[in-house]
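See below for the structure under consideration.
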Amino acid sequence: MQTEAKSPKEQVLALLRDRWWRLCNLYWIQDENGVAVKFVPNEAQRQLWDDQHYLTVILKARQLGFSTFICIFILDTCLFRANTAAGVIDITLDDVKGKLGKIKFAYDRLPEDIRKAIPLKTDNTLELAWVNGSSVKGGTSHRGGTLQILHVSEFGKISAQFPDKAREIRTGAFGTVHSGQMIFVESTAEGVGGDFYNIVTEAEQRAQAGKTPAKQEFKLLFFPWWKHKG
């Protein structure tokens, strides 16, 4: 029996229900020259999508775009899953503002119908909040409240340069994300020792032993420079 063809509106709604389609088609970013371009995940970003876990630690080479991907992922979740609370942590407030700036840049270039349906009610350099109850807040740490997504950028540098701050993030911010929610920790390697090194080592040992990480355990994704050159 022949099925009735979907109307253009129904076709659009079907696409919008597909999260991977949204991530590959809806969002705009700035390239290395500051030019607005449509966000299309690269090989490393696609691997992160395919291999992500509830808690994911990323040991990376530089300039692979993980922060950009996670920012777009956070925006998409906030828009299409009401009452999502997300947090972004980085080594300095300027770095944090840069990441929330990526999120705002992508939001501002969404189709007008989406922005009208889910408008911002709070818009500043350290917090974005929408009328659907979702929000993303940035800082050099996070305490209090419950998060569904936490992104900690350059945790290796934080651990090496500010060990007390790293300990505060691990004991405080990580605890705001309940089991079954998501934490992304990403950084380049910054020597032996410290909280980032310990997280990577523990995750690596589980992988080498063939153990699947539990919801409350980190999974390691390793992206060496020689494998992902651009």
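Residue Phe218 is tested with Tyr54, Phe174, Phe184, Phe155 for a ring-ring contact (aromatic ring centres under 6.0 Å, His included); the sole match is Phe174. Here the rule is side-chain hydrogen bond (donor to acceptor under 3.5 Å, both in side chains) with Arg81, and of Thr84, Asn83, Thr77 only Thr84 fits it.
Of the possible donor and acceptor atoms, none in the side chain of Lys137 sits under 3.5 Å from a partner among the backbone N and O of His142. Distance alone, capped at 3.5 Å, places no donor-acceptor pair between the Asp90 side chain and the Glu154 backbone. Thr201 places a side-chain N or O within 3.5 Å of a backbone atom of Tyr197 that can act as its donor or acceptor partner. A donor-acceptor pair is defined here as one N or O able to donate and one able to accept, closer than 3.5 Å; such a pair exists between the side chain of Gln148 and the backbone of Ala85. Of the possible donor and acceptor atoms, none in the side chain of Asn33 sits under 3.5 Å from a partner among the backbone N and O of Val35.
Here the CD-CG distance, from Glu186 to Leu59, works out to 11.0 Å after rounding to the nearest 0.5 Å. Rounded to the nearest 0.5 angstrom, Ile183 CD1 and Leu55 CG are separated by 5.0 Å. Rounded to the nearest 0.5 angstrom, Thr68 OG1 and Gln45 CD are separated by 6.5 Å. Interatomic distance, Ile91 CD1 to Lys157 NZ, rounded to the nearest 0.5 Å: 6.5 Å. Ser187 OG to Asp195 CG: the interatomic distance, rounded to the nearest 0.5 Å, is 12.0 Å. Here CD1 of Ile199 is found 4.0 Å from CZ of Arg170. Values are rounded to the nearest 0.5 Å.
Here Trp49 pairs with Trp20 under the ring pair (Phe, Tyr, Trp, His ring centres under 6.0 Å) rule; sequence neighbours left out. Residues meeting the side-chain contact (heavy atoms from CB on, under 4.5 Å) test with Asn124, sequence neighbours left out: Thr122, Leu126, Glu127.
Legend: salt bridge (Lys or Arg N to Asp or Glu O under 4.0 Å) pairs involving residues 204-213, not counting sequence neighbours, sorted by first then second residue: Arg206-Glu217.
More than 12 heavy atoms of other residues, nucleotides or ligands sit less than 6.0 Å from atom NZ of Lys99. Within 6.0 Å of the CZ atom in Phe105, the count of heavy atoms belonging to other residues, nucleotides or ligands exceeds 12.
For the pair Ile29/Val37, a side-chain contact is recorded, criterion being any heavy-atom separation below 4.5 Å from C-beta on.
A salt bridge does not link Lys116 to Asp113: none of the charged nitrogens lies less than 4.0 Å from a carboxylate oxygen.
Using a 4.5 Å cut-off between side-chain heavy atoms of Ile, Leu, Val, Met, Phe, Trp and Tyr, with links allowed through other members, Tyr107 and Trp28 fall into different hydrophobic clusters. Criterion: ILVMFWY side-chain heavy atoms under 4.5 Å apart, direct or through other members. Under it, Val40 and Leu48 are not part of a common hydrophobic cluster. Hydrophobic cluster membership is shared by Ile114 and Ile72, with clusters built from Ile, Leu, Val, Met, Phe, Trp and Tyr side chains linked at under 4.5 angstrom.
The cationic group of Arg46 does not satisfy the cation-pi geometry with Phe69, failing either the under 6.0 Å distance to the six-membered ring centre or the 45° limit from the ring axis.
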